[in-house]
There are 2 protein chains.
Amino acid sequence: MALRYALMAALHEAPATGYELTQRFRSRLANVWNASHQQVYRELARLLEDNKLLVETVAQSDKPDKKRYHLTIAGRKDLEEWLNTPQPRPPVRDPLLVKLFAGDLLDSDVLKEDIEKLKQDWLAQLGYFRSIEHTYFRQPSALSRQYRLQYMALRRGITQITAGLEWLEELETTLEELDDAP
Amino acid sequence: MALRYALMAALHEAPATGYELTQRFRSRLANVWNASHQQVYRELARLLEDNKLLVETVAQSDKPDKKRYHLTIAGRKDLEEWLNTPQPRPPVRDPLLVKLFAGDLLDSDVLKEDIEKLKQDWLAQLGYFRSIEHTYFRQPSALSRQYRLQYMALRRGITQITAGLEWLEELETTLEELDDAP
DNA sequence: GCTCAATATGCAACTTGTTGCATAAAGGAG
DNA sequence: CTCCTTTATGCAACAAGTTGCATATTGAGC
């Protein structure tokens, strides 16, 4: 049910094609929602069927045609209702923590590689989020309510990753101590 | 695929019934994995079919019978292989951030209720995790590698919630500023 | 010239997760 | 005495998410 509303929220911000929405999910909305392009296209077709969206076909001479989707009045209303009712928090399912939980079967070198990979991913993500912060949210107090709330969504991403990186440091320290005194 | 291994990891720690596993997912493993009892029973049946588990039927005079599951050698080996290969990080899908993203359609009072509810949930969760920390992990440096790694899984839960609560404060401050100067 | 990545869309099959229901007995609240 | 919660298990239908494949064009790198 929620993917519909993630898509509608993105389209409420600005009309877009399925391809563009998929890209937003992978970049600017990386800490908000993610979905594969297949899932996006399928859900857009359903939303269109339900009259929550309109299509505008954009012919392109060089590349394949685009279908730009717009939120309808009904769609906007539907989104508004959803936004103003309580929603569940995201489920927790973290393979890395499963690994730690069965730590006695886990090889230390493998774990160190996992940590290094995760750290690199998170650092790249953090750099990206910080660049958005720097370019679009220099003086949050001067912004409209709408943009300040969007900024808080971005802040969530930044603080989550920062906390994650600090925890990774703690984990690395633990592993070093275990190496020193086995 | 990963639920299998979450279950196997829990059973590797200690044999248990489907009911007990469901309870662990809701309490001590709340920051690691979650699954409904229906999902747990279904997956246990599959694991049994695949000879990764053994059942021990425990007759009870007063309550209904129990089925206690044990990890087999094959199951343990399977788990070990999984643990030592790279696993994907959890997908990101947060309805609250979707709400903030379409903040112009979101009522401030509704948002404040969402925040209050989430804060209470997180505080309860944090209190619970801290009580585990206090009772079982007083001197982490004195523990075996296995338990130190389990402790780091718990630490992840604690630091995640702590960061979440700090972000909620930031969000509340933003809302107050918006209320003062509209 | 050839291969690979990016743009742009989608179908089909499958796995995972959710929701609703069912059964059965004990013990506590009212 | 009746209703609700806890313990204990599970089926069935459905929704959501993943994986593999398909097509068509442009531009960049080797």
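Side chains are part of it too, since the values below use all heavy atoms of this structure and drop only hydrogens, waters and symmetry mates. Since the structure is predicted, the reported quantities are computational estimates derived from the model, not experimental observations. The chains referred to below are lettered A, B, ... by the order of the sequence lines, with proteins before strands, and numbering in each begins at 1.
Remark: the B:Trp82 side chain and the B:Gln87 side chain contain an N/O donor-acceptor pair separated by less than 3.5 Å.
Note on the helix from C:dG1-D:dC30 to C:dG30-D:dC1: angle between the axes of the first and last five pairs equals 30°, rounded to 10 degrees.
On a pure distance criterion of 3.5 Å, no polar donor-acceptor pair joins the side chain of B:Arg93 and the base of D:dG17.
Atom OH of B:Tyr147 has 12 or fewer heavy atoms from other residues, nucleotides or ligands within 6.0 Å. In A:Glu49, the CD atom is not crowded: 12 or fewer heavy atoms of neighbouring residues, nucleotides or ligands sit closer than 6.0 Å. Residue A:Arg4 qualifies as enclosed at atom CZ: its count of foreign heavy atoms under 6.0 Å is above 12.
Counting to the nearest Å, the C1' atom of C:dT16 and the CZ atom of B:Phe25 are 14 Å from each other. A:Leu21 has its CG atom 15 Å from the C1' atom of C:dG10, to the nearest Å. For the pair B:Arg46 CZ and D:dT9 P, the interatomic distance rounds to 18 Å; values are reported in whole Å. Here C:dA8 presents its P atom at 13 Å from CZ of A:Arg24, a figure rounded to the nearest Å. Straight-line distance from the NE2 atom of A:His37 to the C1' atom of C:dA12: 14 Å, rounded to whole Å. Look at CG on A:Leu44: it is 16 Å from C1' on D:dG17, rounded to the nearest Å. Distance, B:Glu56 CD to D:dA8 P: 14 Å, rounded to whole Å. The CZ-P distance, from A:Arg42 to C:dG10, rounds to 13 Å in whole Å.
A:Asn34 CG to B:Arg93 CZ: the interatomic distance, rounded to the nearest 0.5 Å, is 5.0 Å. Atom-to-atom distance recorded for A:Tyr136:OH and A:Leu154:CG is 11.5 Å, nearest 0.5 angstrom.
Taken residue by residue, residues 1-12 of chain B places heavy atoms nearer than 4.0 Å to DNA chain C at B:Met1, B:Leu3.
Nucleic acid contact class of B:Gln38 (heavy atoms, under 4.0 Å, all strands): base. Within the 4.0 angstrom heavy-atom criterion, only backbone atoms of the sugar-phosphate kind lie near A:Gln23; the bases stay farther away.
In terms of hydrophobic clustering, with Ile, Leu, Val, Met, Phe, Trp and Tyr side chains grouped at heavy-atom distances under 4.5 Å, B:Leu165 and B:Leu118 are assigned to a common cluster. In the hydrophobic clustering of ILVMFWY residues, with side-chain heavy atoms under 4.5 Å counting as a link, A:Leu53 and A:Val55 come out together.
Taking every heavy atom of both residues into account, A:Tyr41 and A:Gly18 meet most closely at CE2-CA, 3.7 Å. Between A:Val98 and B:Tyr5 the shortest heavy-atom distance is CG1-O, 3.9 Å.
Side chain of A:Trp33, nearest nucleotide from D:dT9, D:dG17, C:dG10: D:dG17. When distances are taken from the side chain of B:Tyr41 to each of D:dT9, C:dT18, D:dG17, the shortest belongs to D:dT9. Here the nucleotide nearest the side chain of A:Tyr19, chosen from C:dT18, D:dT9, C:dA6, is C:dA6.
A sub-4.0 Å separation between OP1 or OP2 of D:dT9 and a side-chain N or O of B:Thr17 is present.
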